[in-house]
Amino acid sequence: MSNRHSGSCLCGHIKYELTGDFQSFYLCHCTRCQKGTGSLHGANLFAQNSALKWSQGEDHVSTYTHANSLHRRSFCLNCGSPLPIWMKEFNCVVIPAGSLDSPVPIEPTAKIFVSSSPTWANNLCAIPCFNELPE
Ligand SMILES: [Zn+2]
Ligand SMILES: [Zn+2]
């Protein structure tokens with residue numbers, strides 16, 4: 001079935017399944033996502049009215065809620081990988097794109113909070129690309 005998606009964390013302790021459809025896919029450049037990913041942006045898919053099921057390792061899932069905000073992230077207690085989270089307020093499951101093992105079925109919708117991007121990211125299209133670690 002096309003509306004079933006599956007994913008896991010890096011160490012493999014945790015596996016999940018989502019039944020539902022993705023409506024949007026945001027690359028969020030806010031400073032909280034920079035801290036939470038250690039990188040330029042979060043990459044999150046949003047699936048309203050969908051069902052998230054932990055098929056393995058739910059006891060290893062931890063959730064951090066940032067003070068005085070809706071910002072929340074789940075992660076594996078063993079390897080730290082970002083994991084899906086159900087936002088009860090919006091009846092929406094938020095899925096980090098990199099956690100999916102099944103193909104990401106939609107293109108990114110938009111970049112958001114781009115004014116928070118660090119200056120090192122200003123000209124990424126111009127830097128060299130390699131398929132492997134360069135010598
Ligand atoms: Zn893990
Ligand atoms: Zn963000």
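First listed ligand is number 1; within each ligand, the first listed atom is number 1. This is a predicted model, so every value here is computed, not measured. Positions are given from 1, in the same order as the sequence printed here. Hydrogens, waters and symmetry mates are skipped; everything else that's a heavy atom, side chains included, is used.
Two rings, from H41 and Y26, have their centers 6.0 Å or more apart.
Considering the Zn ion (ligand 2) as centre, the angle to SG of C28 and to SG of C33 is 120° (10° rounding). The SG atom of C76 and the SG atom of C9 subtend an angle of 110° at the Zn ion (ligand 1), given to the nearest 10 degrees.
With respect to L45, the side-chain contact (heavy atoms from CB on, under 4.5 Å) criterion is satisfied by exactly one of I106, D21, V93, V94: I106.
Checking side-chain atoms of Q23 against main-chain N and O of Q48 turns up a donor-acceptor pair under 3.5 Å. Between the side chain of S102 and the backbone N or O of S6, at least one donor-acceptor pair lies under 3.5 Å.
Inclusion of C30 in the first shell of the Zn ion (ligand 2) is supported: an N, O or S atom falls under 2.8 Å. Residue contact annotation: H71 places no N/O/S atom under 2.8 Å from the Zn ion (ligand 2). At least one N/O/S atom of C79, from backbone or side chain, sits under 2.8 Å from the Zn ion (ligand 1).
The shortest non-hydrogen separation linking C30 to F113 is N-CB, 3.7 Å.
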